[in-house]
2 protein chains.
Amino acid sequence: MNEVAKRAGVSIATVSRVLNNSESVNEETRLKILKAIKELKYQPSRVAKRLRSKSGSSNLLGVLVPDIRNPFYVDVLMGIEDVAYRNNYAIIMCNFGQDEKKEAMYLDILESEAIDGLIAAPATEYDQRLKKMVKNGLPVVCVDRGLKDSDVDLVWVNNEAGAYAAVDHLIRKGYKRIAHIGGLPSIPSSVLREKGYRSALIDHQILPDPGLIRLGDSTYESGVRLASELLKSKTPPDALFTGNNLITLGALETIHALKLKIPEEIAIIGFDDMSWANSLNPALTAVRQPAFEIGKRAGELLIQRISDPKRPCIQMTMNAELMIRSSC
Amino acid sequence: MNEVAKRAGVSIATVSRVLNNSESVNEETRLKILKAIKELKYQPSRVAKRLRSKSGSSNLLGVLVPDIRNPFYVDVLMGIEDVAYRNNYAIIMCNFGQDEKKEAMYLDILESEAIDGLIAAPATEYDQRLKKMVKNGLPVVCVDRGLKDSDVDLVWVNNEAGAYAAVDHLIRKGYKRIAHIGGLPSIPSSVLREKGYRSALIDHQILPDPGLIRLGDSTYESGVRLASELLKSKTPPDALFTGNNLITLGALETIHALKLKIPEEIAIIGFDDMSWANSLNPALTAVRQPAFEIGKRAGELLIQRISDPKRPCIQMTMNAELMIRSSC
DNA sequence: ATGAAAGCGCTAACAT
DNA sequence: ATGTTAGCGCTTTCAT
């Protein structure tokens, strides 16, 4: 920057001004400076800028997700990245593997990096560390999972309605013994989805059978294991409603290993669609969250909030759509 | 930091010293400072540190990947993240979607962020922008794809041998008309995999049939489309060797849409395994790249290189293992 | 319209 | 063993 100033015969202050195309700068000197910048291939240091101007212009965002292996989150990430890139924001990726300790450490790092804002799917609704950061003024928008009693935007889907639609569909198709493999109860969406499952049953005068409900830890392995328990029992279900992407895939592994026919011997609907649902055999019926859109909206909300920190909080609930294909 | 110094009754220099646990600091004052840090919940600014000490200790890494939707890259990313996290490095994620312009802009950002090092799967082997950064002294390790005439470490698999093994297996199983759906010829691994495919055919006295080789753009859609062209032709193949994860999934969609039986009517082996290969029906036979391991090794090499910039370059070629399951 | 200078939070000589 | 101080590259008053 010094060199640019020298070459253009001005002070660094003026260079800074044209860089932030702010205030009044003589068109002539502006051109001179621009030329010098080109010639020297000068690139401003985002680090120095960040250090200087405490907030709102450091062009750095944090993204905190529980499991990047879950295709849902990679699509959300893609949505975020799309708007971040367009707005010249870089992204620090924090994958905490649903480990609260790791999450806390990442939050420390993010704070220490002086990010402008954060998009997070927190481990729980009661995340103290995160709530404190919000209170301290960090712009945060949550995706997929909210943050109780905190001033944050939230973009998610109607989990309960989505689950309800899936189970309702199963019932109307004539399935009687519909099992549910859920995720960690500490994750809000797990609870909501189970609730939708129960409501649908009850609305059809079916008493939820505790033996048909298994809660795991939201992983692929839990899907494999719990589906196996369910399907090998004396009174196995005739349909499965699985609580997320990874669980669905795990359950599918078990179903195929047991050589069960879908949907004749066992129907299955998963929460979370996958872009390659048609590559499964049979094509998977699933509750689709508009993941890319969720990420995109979250990104937009965050950028808004950064420039206007006191705008009231918004909760965007998107529709979870049942994509009926062949697995039920 | 100022406050910590005040509270502990020392100068900020001493605080800095215990923070970097360097040099000789009186144990007594050390304890005092540590106590003050605890009490004030002081967290050092990584930004200021980065600004100050030009290189090697900013604790920031860049990761540049072509397509985060490809499960292979997310596993690589997990491997990188694993070692980065352990070493207190944050990661700036750059997903360039095989778009060279976007890649160049991300490289600009990374440079401007003063990263300590970069792990990249560059768009092409001839990436000028990246080569310049290497020349300028940025520690870089490449994954999956190399960088011609440049001083970088490289971690990848033996693509040609992996492809060869897959096609060889197909031939031994008795398949006669083995088609190949490849990826972008500008990507080195695409070329290498096609080469392996051809070698295997030739070694078995089969003349590669140009009509059975289709090159796309490495996407899911290309898999759908090219598989459709191949399978609907007058003289369709009896086996498919697909060039990457996404292509495989796309081809699978077409196969199922056409209600072709695997492997009786059409066998398929994909390059790139997936953690849920068993969830496909039938379970997919695939050439497995140890993706997590690749990421981990790359991360380790990068950290080494950061602390010792002149250590000679290493090329780590891992084995691509044929995972025989039921699709051929 | 432009320049001078202070300072963001830290590290690394150099002094003591 | 510890303190003083000069920057790192930028933004932003305050002068001019």
Side-chain angles (χ1 to χ4, degrees), chain A residues 1-34 36-37 40-60 88 90 108-116 136-137, chain B residues 1-34 36-37 40-60 88 90 108-116 137 307:
Chain A
M1 180 150 154
N2 231 318
E3 302 196 6
V4 172
K6 225 170 282 175
R7 192 181 191 96
V10 296
S11 79
I12 58 165
T14 311
V15 176
S16 173
R17 280 192 261 267
V18 342
L19 248 41
N20 301 300
N21 48 306
S22 70
E23 304 181 47
S24 39
V25 176
N26 190 318
E27 190 57 24
E28 201 176 326
T29 51
R30 232 180 67 87
L31 259 30
K32 253 195 306 191
I33 292 172
L34 255 19
I37 288 176
L40 276 79
K41 290 185 190 169
Y42 163 79
Q43 279 200 220
S45 157
R46 297 163 73 106
V47 183
K49 178 171 185 173
R50 188 168 306 136
L51 179 60
R52 184 56 231 256
S53 44
K54 219 38 266 150
S55 113
S57 55
S58 79
N59 290 321
L60 226 207
N88 195 29
D108 284 348
I109 290 182
L110 256 16
E111 199 161 44
S112 169
E113 288 288 358
I115 54 170
D116 282 332
N136 288 345
Chain B
M1 179 148 157
N2 231 317
E3 303 196 6
V4 172
K6 224 171 281 177
R7 191 180 191 96
V10 296
S11 78
I12 57 165
T14 312
V15 177
S16 173
R17 281 191 261 264
V18 341
L19 249 42
N20 302 300
N21 49 307
S22 68
E23 303 180 47
S24 38
V25 177
N26 191 318
E27 190 58 21
E28 201 175 325
T29 52
R30 231 180 66 89
L31 259 30
K32 256 197 301 193
I33 291 172
L34 256 19
I37 287 176
L40 276 79
K41 290 185 188 168
Y42 162 79
Q43 279 200 218
S45 158
R46 297 163 73 105
V47 183
K49 178 169 184 174
R50 189 168 306 138
L51 180 60
R52 184 56 232 254
S53 45
K54 221 37 267 145
S55 115
S57 56
S58 79
N59 289 321
L60 226 208
N88 194 30
D108 284 348
I109 290 181
L110 256 15
E111 198 161 44
S112 169
E113 288 288 358
I115 54 171
D116 282 334
S307 60

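It should be emphasised that the depicted structure is a prediction, and the values quoted were computed from it without experimental measurement. Heavy atoms only: backbone and side chains are in, while hydrogens, waters and symmetry mates are out. Protein chains get the first letters and strands the later ones, always in sequence-line order, with residue 1 at the start of each.
Take A:Asp108 and apply the side chain to side chain donor-acceptor pair (under 3.5 Å) test, not counting sequence neighbours, and it matches A:Arg129. Remark: B:Ser307 engages no residue in a side-chain contact (heavy atoms from CB on, under 4.5 Å) (not counting sequence neighbours). For the salt bridge (charged side-chain N to carboxylate O under 4.0 Å, His left out) test, residues two or more places apart in sequence or in another chain that qualify with A:Glu27 are A:Arg30. Among residues two or more places apart in sequence or in another chain, the side chain to side chain donor-acceptor pair (under 3.5 Å) test is passed with A:Ser112 by none. For B:Leu51, the side-chain contact (heavy atoms from CB on, under 4.5 Å) test picks out A:Val47, A:Ala48, A:Leu51, with sequence neighbours left out. Partners of A:Arg17 according to the side chain to side chain donor-acceptor pair (under 3.5 Å) rule, which considers only residues two or more places apart in sequence or in another chain, do not exist here.
In this structure, of D:dC10, C:dT2, D:dC8, it is C:dT2 that holds the atom nearest to the side chain of A:Val25.
Mapping B:Arg30 and B:Ala48 onto DNA chain D by nearest heavy atom places B:Arg30 at the nucleotide closer to the 5' end.
Listed by first and then second residue, the salt bridge (charged side-chain N to carboxylate O under 4.0 Å, His left out) pairs that reach into residues 42-53 of chain B are A:Glu113-B:Arg46, A:Glu113-B:Arg50, sequence neighbours excluded.
Regarding contacts with the backbone of C:dT2, a side-chain N or O of A:Thr29 is found under 4.0 angstrom from either OP1 or OP2. Listed pair B:Ser11 / D:dG3 meets the phosphate criterion, a side-chain N or O lying under 4.0 Å from OP1 or OP2.
In this structure, B:Ile37 CD1 and B:Leu19 CG are separated by 5.0 Å, a value rounded to the nearest 0.5 Å.
One atom, CG of A:Asn2, and another, C1' of D:dC10, lie 11 Å apart when rounded to the nearest Å. A straight line from CZ of A:Arg50 to P of C:dG9 spans 15 Å, rounded to a whole angstrom. Across the protein-nucleic acid pair, A:Leu51 atom CG and C:dT11 atom P stand 12 Å apart, rounded to whole Å. One interatomic measurement links the two molecules: CG of B:Leu40 to P of C:dG9, which rounds to 14 Å at whole-angstrom precision. Whole-Å rounding puts the B:Asn21 CG to D:dA1 C1' distance at 16 Å. Atom CG of A:Asn59 is separated from atom P of D:dG9 by 19 Å (rounded to the nearest Å). Separating the NZ atom of B:Lys49 from the P atom of C:dG9 is a distance of 16 Å, rounded to the nearest angstrom. For the pair A:Met1 CE and D:dG7 C1', the interatomic distance rounds to 15 Å; values are reported in whole Å.
Results of the side-chain contact (heavy atoms from CB on, under 4.5 Å) test with A:Val15 over A:Thr29, A:Leu34, A:Asn2, A:Val4 single out A:Val4 as the only residue that passes.
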Just the atom pairs and distances: protein N or O near nucleotides 12-16 of chain D's N or O, under 3.5 Å.
none

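Heavy atoms of B:Val10 sit under 4.0 angstrom from primed sugar atoms or phosphate atoms, though from no base atom.
An end-to-end axis angle of 40° holds for the helix from C:dA1-D:dT16 to C:dT16-D:dA1, taken from five base pairs per end and rounded to 10°.
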